[in-house]
2 protein chains.
Amino acid sequence: MMKANANVAKVATLVSDSSRAAILTILLDGRFHPVSDLAYMVGITPQTASYHLAKMTQANVIDVESQGRHRYYGISNQEIAQVMESFLQVAPPVEIKSLKQSNEEKALRHARTCYDHIAGNLGVKLKTSLMNQQFLVEKDNEFHITSDGEIFFNTIDIDTNKLKKKRRMFCSKCLDWSERRHHIAGALGNAMLEKFLELEWIERVPKSRALKITALGGNGLNEMFGVDP
Amino acid sequence: MMKANANVAKVATLVSDSSRAAILTILLDGRFHPVSDLAYMVGITPQTASYHLAKMTQANVIDVESQGRHRYYGISNQEIAQVMESFLQVAPPVEIKSLKQSNEEKALRHARTCYDHIAGNLGVKLKTSLMNQQFLVEKDNEFHITSDGEIFFNTIDIDTNKLKKKRRMFCSKCLDWSERRHHIAGALGNAMLEKFLELEWIERVPKSRALKITALGGNGLNEMFGVDP
DNA sequence: TCCATATTTCGATGATAATCGAAATATTAA
DNA sequence: TTAATATTTCGATTATCATCGAAATATGGA
C-alpha cells in the first residue's frame, strides 16, 4: 500500500513545483517548444529549465525532439493533460489583479487548446451541438459516431474511417476545468482542431494556449455546427 | 498565468509527500480515523501525522471532528477522491514483491470504497448493469434515472426522490483507476454503498479500503442486478 | 578553423519541508 | 486531585530540492 502511495506522490511531485507546473501549462497548447523559450516564458534560467525538463522527460511526462542544436519539448501523453485539467478543477481560483489578467482568463475560458484538442466554452458547445444533432451518441467512456455523423464530418473533410484506425481512442471525453462539462478529446477532437486551424476558423494566439475564433470561423461554426461562438 | 500554476502546484504539493499520500489513500475508505491510528498505519510518529493533518485541514482537503480527546480526520470533499483516482491512473504500477501484496492489490481491484461510493470491478459492473437494464441513462456529466430505475431502486429501499433533494450531484461519474471505466459516484453511489453494507451484501475489510462481497451479497447482486461478482 | 548559439552538466548556495524528542495542552478515568 | 491517554506545539536536525554562475558539450554558420 505504501508503494502505491509513493508512486502517487512521485507523480504529484512533478507538478508540485511552480516552475514545472508553468512549463506543463504552456505545453498544454499542444506545441513543442525549445528550452530557451520555455525558460523565458516561465521566468527561469535555461539551466533551471533544463533541469526540470530532464526530470519530466525521464518520468515520461513530456517528450523531446532534437533538431540540430535545438531541443523541442512537448506533451506526449493525453493523460497528463487530463491530470492538469483535473488539478485546475480543485486548485483555488486565481486572484485577478489586472485587466490584462482578466482578459487572458476570459480568452482561455472562451477557447483554448487542451494538448491536442479544443477546450473551453467552444469545446463544450461543439460537443453539445454534435450530441443535439445526433451526430454523436454517448456510451461508456466514449462517444460513438452515428451514420449521420459520418456524413456530416465528411462534408467538412474529416475522414472518420481513417480516424478510427488510429491507435488511440476515437472520441473520448475530457472534463473541462473552466466549463465543468466535457469537451471532445481523442482522434476526432484532434482532427477538429487541425481542420479548424486549416480552414482558418480559429487561430493560435502567440505565447498562449488561447484560441481566437476568426470572423470566417464565426460564420462557419454557426452555419455548419449551429454554434454561436 | 503564473498564478494559476502556483495554485496547481500548491494542490499537487499536498499530495506530493509520501506520508500525506498514504494518509489520503487510507481516508479513501470513507471512514474518519484518529491521529494515532493514521500515524501507525503510515509508519510515522503522531507528531508528524499531526503536522500533515493540520496542513491538509487548513487546505480544506480533509475535515476534523472532535470527540473528547480524540480528533477524527476524514475526507470531506469528493473532488479530492477524484484527484487521487486520477493520479492512480498515471502513477506507475506498483512492483509486487509478495503474495500478500498481490492479494491486497487484487482485493482493491475487485471491490473497494472510493471515498463514499463503490469502486473497482464491482462498481463498474453495477454501472454497466444499471445502464443495460435502462434504469440509468447517460447525459452530459451525469446519469439520469429512468422511471423503471426509480421503481427498481425503491424495491431495494433506496428512495431516489429523497436523494435528488440532496445538495450534491445525484448520480455522477468517477473514473476508476483500476478498471479504466466509470463507476457511479454522487448521492446514488453513496446510497448504494450504505444499503449494501446494511443488507450485508458487502462488508468492510479491517485496515483496508477493500470491500468483501459476502455469500448473501453474491446472491443478491446476481438476483437484483444481474451482476456476477 | 573559428565563432556564435543552444543546451547540458557541475558544484555551490540557499530555501523549504519532513522528521521526531521533549514538553505543553486537553480530555477522561480512577 | 491525580494519573493516563491523545494530540498539539516547539525547536532542532536532517534531507531534499530549486536556483544559477561557470564551464563543458554539441551544433551550425561564416
Side-chain angles (χ1 to χ4, degrees), chain A residues 2-3 5-27 31-74 207, chain B residues 2-3 5-27 31-74 207:
Chain A
M2 199 55 181
K3 261 315 184 46
N5 308 322
N7 285 355
V8 167
K10 202 176 224 172
V11 177
T13 295
L14 289 168
V15 192
S16 68
D17 176 73
S18 59
S19 296
R20 283 197 296 276
I23 292 171
L24 286 173
T25 303
I26 291 165
L27 296 183
R31 299 167 175 133
F32 273 60
H33 294 266
V35 180
S36 45
D37 283 3
L38 290 168
Y40 178 77
M41 287 189 274
V42 172
I44 54 179
T45 67
Q47 300 94 303
T48 305
S50 186
Y51 163 83
H52 288 304
L53 289 166
K55 203 164 185 167
M56 294 191 283
T57 305
Q58 199 170 37
N60 292 313
V61 168
I62 59 176
D63 256 346
V64 57
E65 286 180 11
S66 305
Q67 271 182 13
R69 64 171 71 130
H70 288 281
R71 298 280 182 278
Y72 291 90
Y73 289 87
K207 295 182 189 307
Chain B
M2 198 58 179
K3 263 304 185 50
N5 306 324
N7 285 356
V8 167
K10 199 175 227 172
V11 176
T13 294
L14 289 168
V15 192
S16 69
D17 175 74
S18 59
S19 296
R20 285 197 295 277
I23 292 171
L24 287 173
T25 303
I26 291 165
L27 297 183
R31 300 164 174 136
F32 273 60
H33 294 267
V35 181
S36 45
D37 283 5
L38 289 168
Y40 179 76
M41 288 189 271
V42 172
I44 54 180
T45 66
Q47 303 93 304
T48 303
S50 187
Y51 164 82
H52 288 302
L53 289 166
K55 203 164 183 167
M56 294 191 284
T57 305
Q58 200 169 35
N60 292 315
V61 168
I62 60 176
D63 255 346
V64 58
E65 286 179 10
S66 303
Q67 273 181 12
R69 64 172 71 131
H70 287 282
R71 297 279 181 278
Y72 291 90
Y73 289 86
K207 296 183 188 307

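The chains referred to below are lettered A, B, ... by the order of the sequence lines, with proteins before strands, and numbering in each begins at 1.
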Worksheet entry | Integer-rounded Å distance: D/dA6 P and B/His33 NE2 | 17 Å
Discussion item. Without decimals, in angstroms, what is the distance between A/Tyr51 OH and D/dT19 P?
Written reply: 8 Å
Worksheet entry | Length of the line joining A/Ile23:CD1 and C/dT7:C1', which is rounded to integer Å | 14 Å
Worksheet item: Whole-Å distance between C/dT8 C1' and A/Gln47 CD?
Response: 9 Å
Discussion item. Rounded to whole Å, how long is the line connecting atom CD1 of B/Ile44 with atom C1' of D/dT7?
Written reply: 13 Å
Worksheet entry | Rounded distance (Å) that lies between atom P of D/dA6 and atom CG of B/Asp37 | 9 Å
Worksheet item: Side chains of B/Leu24 and B/Met56: closer than 4.5 Å at any heavy-atom pair?
Response: yes
Fill in: Between C/dT9 (P) and A/Leu53 (CG): distance, integer Å
12 Å
Fill in: For atom CE of B/Met56 and atom P of C/dA17, their distance in whole Å
15 Å
Discussion item. Could you check whether any side-chain heavy atom of B/Tyr73 comes within less than 4.5 Å of a side-chain heavy atom of B/Val35, counting everything from C-beta outward?
Written reply: yes
Response to the item:
The correct set of residues in residues 60-74 of chain B placing a heavy atom under 4.0 Å from DNA chain D is B/Arg69, B/His70, B/Arg71, B/Tyr73
Practice prompt. Return yes if a side-chain donor-acceptor contact under 3.5 Å exists between A/Thr45 and A/Thr48, otherwise no.
Written response: yes
